[in-house]
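Notes follow the structure.
Order of the sequence lines sets the chain letters (A, B, ...), proteins ahead of strands, with each chain counted from 1.
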Amino acid sequence: MAKMSAWSKKNRMNLLKLAFLLILAGFICAYIGGTAMRTALINLSFVLFGGSMLALLPLLTIKK
Amino acid sequence: MTLELSFVNWLLAILPVIVLLFCLLALKWEASCAGAASWLSAILIAIFRFGADAQLIALANSKGMSLSVYVLLIIWTAIFLYNVADSAKAIKTIGDKISALTDNRSLLALLLAWGFTSVLQGLAGFGVPVAVVAPIMVAMGFPPLVAVSACLLGHSWSISFGSMGSSYNTIQLVTSIPGEVIAPQMALLFAVAIFATGFEVLYIEGKGSAIKRGAVPVLCAAVIMSFLLWLMTYLNMSQLATLIAAVGGCGFLALWASRHRSEKQKSAEKPLMSFHLAAAPYYMVIAITLIAQLPPIKAVVGSLGWGLDYPAVTTAFGYTAEAVVEYSKIKFFSHPAPILLFSALVGGALYIRKGKTDIGVYRRALKTTIKKCIPTSVGISTMVMMALIMGDSGMTNMIAQGIAKVCGNFYPLLSPFIGVLGSFITGSNTNSNIMFGLLQYQTGLLIGVSGVLLAAAQSVGGSLGVSMAPSTIMMGAANVGLDGQETTIMRKTMKFCLLNALLVGIVVFIAA
């Protein structure tokens, strides 16, 4: 069994959904920012991608 | 100024892969978290060692997501179609029909673990074959270890062209090799795997005596399956290659099995629905795919699609990722996703009309699809972005140069094992192709061997490697009540998987 806190276990799917939505939003910003050389959007994409990584943090577990 | 090939640089280039391996195997993180960790490491190494700037990283991430969307659309719609059929008990009907064909257990093992799993791989894939067939086999009296091992190995030949060709599409996308060039070579290499996996399923079921009983049908079915697989790729209908080959093999085995049918089977209980009604959505997928391939139709609708354009980007060390137009273009009438979605909706309507299910079938199927696909989507997205950052910053090229320098002319022999490694790490042929497809192609060019042949060997190795991937094994074990015995299953499948990769490697080495 995975060692996961009750909160993480309960919210696993919501955290994964949030991470995926943030990745999708980051994708849009990265594309527009990268092709139009708009630094603010590129930075926003990094923030969104970073957010998605943070959303995955509670899911880090050590499985038996 | 260029970044020279040194051990430190090579090690840094491959570090994201090592991070992924470490997180999955040593820390036992789930794929989405391991993917994110390796993605982050790729970003940091690309910026601080390989001279990537913020624009390059942003565009590589965006390219990665363009590629992910292409693949994820197939996954989501294939699983949705499967769930619609499963919710209406159509999958059970199809499985029962196959089970009722014979009382010869070796033939039944072949039919289910080698044939039916591959049919399901052709239709859905993504773990569905093992998850569906292994429990059916256990219910029929096969030992759980035999059932899950046979299913894992039995369908490992069918993965690249399965799931409506998602892995095959990926190897094309990452290497830019046209499908009609790489697919026939993949089919020829897969012929080796088809023969080998057939005999391995027999061996797992009943060792030497099963091989004696089943050698003739395996040989005949393998010839049919190999020919159909090659024919479909030759006709440029590779997305259906696994499905048609597996259906052909199953059809032959079913005919063979009917000679061994007992009276008990002949008077089997009445099915929930007719076989043809159960398979109707899948018939529709085949029909629409074939119609979309007709030249007049293709000429009218073939170019309609969506894809993003990307400018060229260059690292501080002068490595350039070329500009691309309509990157990983989704063609509305030939991409599998719209076909699968349409078939799912019409198939569901047919089940409802015939009274086999209710209108809630779509809601239930969607709910199950989201639950199954979200973790996969996060895992795939992060790993694909990692692979694209590695590619665009020159890290993949650096790895390829290092391997080519060390292995030299023996590289083709090892080529399928790299595909196996990718699948072992990520649990997916698609991810393995994303991770190593370009590397294999570039290595081939560097050592003067056909890059197409090595890219084909990559995808074939990636397909075979799924049979020993921890994530697939864990899923199979959970489905047959063997939780905690994953190592036992892996030991059973690993030796056969490595043998298959070696056989393919020998063919590649001779052909190179």
Q: Using non-hydrogen atoms and a 4.5 Å limit, figure out which bit of Ser377(B) sits close to chain A: side chain, backbone, both or neither.
A: both
(Q) Applying ring-ring contact (aromatic ring centres under 6.0 Å, His included) as the test, list every pair that has at least one member in residues 362-395 of chain B; sequence neighbours left out. (A) none
Q) Would you find a donor on one side and an acceptor on the other, under 3.5 Å apart, between the side chain of Thr315(B) and the backbone of Ala52(B)? A) no
Q. Quick one: side-chain hydrogen bond (donor to acceptor under 3.5 Å, both in side chains) pairs with a partner in residues 16-39 of chain A, sequence neighbours left out?
A. none
(Q) Among residues at least two apart in sequence or on other chains, which ones pass side chain to side chain donor-acceptor pair (under 3.5 Å) with Ser68(B)? (A) none
Q: Measure up the His335(B) and Tyr70(B) rings against each other and bin them: parallel (under 30°), tilted (30 to 60°), perpendicular (over 60°).
A: perpendicular
Q. With a 4.5 angstrom heavy-atom cut-off, which part of Val313(B) approaches chain A: side chain, backbone, both or neither?
A. neither
Q: Could you tell me which portion of Phe46(A) (side chain, backbone, both or neither) has an atom closer than 4.5 angstrom to a non-hydrogen atom of chain B?
A: side chain
(Q) Are more than 12 heavy atoms, taken from residues, nucleotides or ligands other than Met37(A), located less than 6.0 Å from that residue's CE atom? (A) no
Q) Between Lys371(B) and chain A, which part of the residue has a heavy atom less than 4.5 Å away: side chain, backbone, both or neither? A) both
Q: With a 4.5 Å cut-off on heavy-atom pairs, point out which of Ser62(B), Pro311(B), Pro375(B) contacts chain A the most.
A: Ser62(B)
Q.
Are there residues of residues 53-60 of chain B whose heavy atoms fall under 4.5 Å of chain A's heavy atoms? If so, which?
A. Ala54(B), Gln55(B), Ile57(B), Ala58(B), Leu59(B)
**Q.** Crowding at NZ, Lys329(B) (>12 non-hydrogen neighbours, <6.0 Å)
**A.** yes
Q.
Treating Ser328(B) as the side-chain partner and Ser66(B) as the backbone partner, does any N or O pair qualify as donor plus acceptor under 3.5 Å?
A. yes
